[in-house]
Amino acid sequence: MTTHRRHLAYLLLIFAIGWAVRLLLALQGGCLFYPDEWRYFAGVRMLHALAGGQGVESVRILMEAGGHAGFAIASLPPLVAQGVLRVFTGLHPEETLVIAQIWLTFLSALLPLAVYALARRRGAETGEALAAALFCMASTSMIRYSRHLFPYDASLLALLAGGWLACKRDARGPLLTAGGMVAGFGLWVYNGHWAACLTLCLFVALQQWCAAGTPVRRIARIACFAGGLLVVPLLNALLSELTDAGLGDKLVRHSGSMVGGTPSEGWWIPWAYFARSEGLMLPLLAGGALLTLRRGGRSGRWAALAALTLYLLLVVSSNGIGLWPVFGRHARSLLPLLCIAAAAGWAGALRERPRGRAALALLAAAASAWNYATPLRERFPTDLLPGLLREHPGDVRVFAENVGQMQPFAEPELLDPRARYVFTNPYVPKPVGGHLPPPAGRVLWSIPHPSQLPYNHYNGYLAHERDWLRREDFSVKWIDTRPEAGQE
C-alpha cells in the first residue's frame, strides 16, 4: 500500500469510527430532550407550507426561526425524505426522526475531516494533519451534541469549510467569495458561533493584506470575502422585508433571550467545561498547543493564534462589555483550532521519535474510549416516560423536584395527584429555584439525570444553580406511592 493510500485509509477509519459512535449515541436516545431541539420542526412547517403552494408563507416560517433559520436549510435532505415518507406511509415527521439523526450525525462525523483539510491548507504535513483529525475524533465535546437535533455541528462544519476555501494562500476573488458565503451560511445556521466567524474574517483579511499585489488588489480580495459573507444576511433581510416577517426584531429579541450564565465568568467557563468534558484529552491538547510555540510549524502557530483570538473575543464580549455570557457550546468552536495547534506541537516535539508518536496516538485513543463511556451511559427521561405511560395508562403523573420548574410538555392528565405512579424530573431543570421532596412511596428504580453530569453545568446555569445540581439528588425516579396495593 502506498503512503497516500495508507493515509487515506487512516482518514476514512477516523471518519467511520466517529460516525459509528455518533450513530450509537443517537440510537440510544436523547432526541427532543432539550426544548431547543423542537426548532427542527420549523423546517417541517416550512416544507408543508411550500408543498401546499404557500411560497410566501413558507419563507415567513423560515424567517420566524430567527437566529436558527439556517438550520432548516441545513436539514433539508432529511426534511424532504421525511416529507416523502409522510406522503406514502402517513408517518408523522416526529416518528421518522431517525432520518434526521442519520444526517446530523453524518455532518458531525465530517468535523475531523474538515480539521484535517484545514490543517493541510495551512501547510501541515499529512501525518500532522491526521493527528489533528484524530484529536478531533477523540474529543467528547465534538460528539456529545450529535444525538440531539441541534445546529451546532452543522454550523461549525460550514465555518471550517469556509475557512478551507478562503485560507488558500493564492486564493482569488471567486474562491474568497465562495468562502465568505459558506462561512456566512454557517453563522446563519447557528449565530452562537459569531466569535468563530469573526476570527475567520480577521485572519482572512490579515492573510490577504500580507499577500502579494498592490494595495488595491489586496483590498479587492478582502472585499470579495466580505461580499460573500454578506450574501446570506442581505438575502435574509430582503426576504424578511418581502414577507413582513420582522427578522430584525426577532434577532434582537433572540439576542436578549440568552438567559442564564454570568458574563463575568466568561474567561474561565471554557476551561472548566473542557476539564469536565475532555478529561485526559485536555492536557494533550493544551500541552501540544504550548509546544507549538517552540516546535510547531506554520500551521500550528496559525491555529494557536486563531484560538487565542477567538478566546479573547469571547472574553471581551462577556467579561469586557458584559454583552453575552459564555456557554460550553460556544467554547466548542475553540477545539478544531486547538486540535490543529496541538498536532503541530506534538509533531515537532516527536519528529525523530516514532515510538513517541505511536504512544501519543494510543494515549489519545485510550482517552477517547474513556471519555466516550460517559455519554454512552447517559439515559434521558423523555425516552423512558412513553413506555411507562403505555404500561400504566392513566395512572402516572410527573413531578419536578425543582421549585419553579418549567413543564412545557406536561399534559393535564400527567399532573393528576391521584395517580399511583410518579415519574420524577422528566425535564431540564430550568430555572433552578430550590428542592422539593418527591412524593412518599417506594422508589422502584432511579437513574442519574442528564443535568447532573458535570459537563452539562456550563450551558446557561448560574453559580448557585451549578452548586444546587451538584448538591441535590435530582435523579430520575420511578415511585410507587401505594406499594401496599401490590405490584400490577
Side-chain angles (χ1 to χ4, degrees), residues 7 111-139 142 156 159-171 176 179 183 193 195-212 218 221-222 225 267 270-271 274 278 281-316 331-353 356-357 360-361 364:
H7 288 160
L111 286 172
L113 274 63
V115 167
Y116 170 88
L118 185 58
R120 291 286 289 158
R121 178 71 92 197
R122 295 303 307 168
E125 298 178 355
T126 305
E128 179 185 321
L130 281 172
L134 176 64
F135 288 159
C136 185
M137 184 204 75
S139 167
M142 290 289 103
L156 195 54
L159 288 169
L160 290 172
W164 179 79
L165 289 169
C167 288
K168 187 178 181 182
R169 178 170 291 274
D170 56 348
L176 288 166
H193 285 151
C197 187
L198 183 54
T199 300
L200 175 60
C201 294
L202 292 173
F203 274 72
V204 170
L206 180 63
Q207 175 180 300
Q208 293 306 318
W209 184 253
C210 296
R218 285 179 281 177
R221 289 195 294 265
I222 295 172
F225 177 80
W267 69 273
W271 312 115
F274 290 150
E278 297 302 322
M281 280 302 300
L282 182 58
L284 280 181
L285 294 175
L290 291 175
L291 283 172
T292 200
L293 300 177
R294 290 189 59 192
R295 304 292 188 95
R298 182 167 53 88
S299 64
R301 293 191 179 95
W302 173 88
L305 183 58
L308 178 61
T309 302
L310 199 164
Y311 171 70
L312 290 177
L313 286 173
L314 292 174
V315 171
V316 168
R332 289 174 74 242
S333 56
L334 285 164
L335 280 170
L337 297 170
L338 288 176
C339 290
I340 296 173
W346 288 116
L350 303 175
R351 191 172 300 279
E352 305 298 330
R353 301 177 181 178
R357 294 197 298 270
L360 179 67

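Along the sequence shown, residues carry numbers from 1.
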Hey, could you give me the [atom1]/[atom2] distance between [X] and [Y], rounded to the nearest 0.5 Å?
X      : Y      : atom1 : atom2 : result
Ser333 : Leu159 : OG    : CG    : 8.5 Å
Leu285 : Leu290 : CG    : CG    : 11.0 Å
Arg120 : Leu130 : CZ    : CG    : 8.5 Å
Leu156 : Cys197 : CG    : SG    : 11.5 Å
Trp302 : Thr292 : CH2   : OG1   : 12.0 Å
Ser299 : Arg121 : OG    : CZ    : 13.5 Å

Can you check side-chain contact (heavy atoms from CB on, under 4.5 Å) on Leu200 and Cys167, steps first, answer last?
CA-CA 9 Å; Leu200 175 60; Cys167 288; 4.2 Å; yes
Compare all side-chain heavy atoms of [X] with those of [Y] and state whether any distance is below 4.5 angstrom.
X      : Y      : answer
Leu134 : Pro112 : no
Leu335 : Cys136 : no
Leu118 : Pro336 : no

If you compare all heavy atoms of [X] against all heavy atoms of [Y], which two are closest, and at what distance to 0.1 Å?
X      : Y      : answer
Ala364 : Ala138 : O-CB, 3.8 Å
Ala133 : Tyr116 : CB-CB, 4.0 Å
Cys339 : Val115 : CB-CG1, 4.4 Å
Ala341 : Gly300 : CB-O, 3.8 Å
Leu176 : Ala166 : CD2-O, 3.5 Å
Leu291 : Ala349 : CD1-CB, 4.0 Å

Verdict with reasoning, Arg332 to Met142, per side-chain contact (heavy atoms from CB on, under 4.5 Å)
CA-CA 7 Å; Arg332 289 174 74 242; Met142 290 289 103; 3.8 Å; yes
Arg353 atom CZ, over 12 foreign heavy atoms within 6.0 Å
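No.
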Are Ile340 and Phe135 close enough, and set up right, to give a side-chain contact (heavy atoms from CB on, under 4.5 Å), and what steps lead you there?
CA-CA 8 Å; Ile340 296 173; Phe135 288 159; over 6 Å; no
Measure the acute angle between the ring planes of Tyr311 and Trp271, then classify it against the limits of 30° and 60° as parallel, tilted or perpendicular.
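It falls in the tilted class, 30° to 60°.
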What side-chain hydrogen bond (donor to acceptor under 3.5 Å, both in side chains) pairs are there with at least one residue in residues 198-211, not counting sequence neighbours?
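Passing the test, one end in residues 198-211: Arg122-Gln207, Gln208-Arg221.
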Thr309 and Phe203: side-chain contact (heavy atoms from CB on, under 4.5 Å), yes or no, with the steps?
CA-CA 10 Å; Thr309 302; Phe203 274 72; 3.5 Å; yes
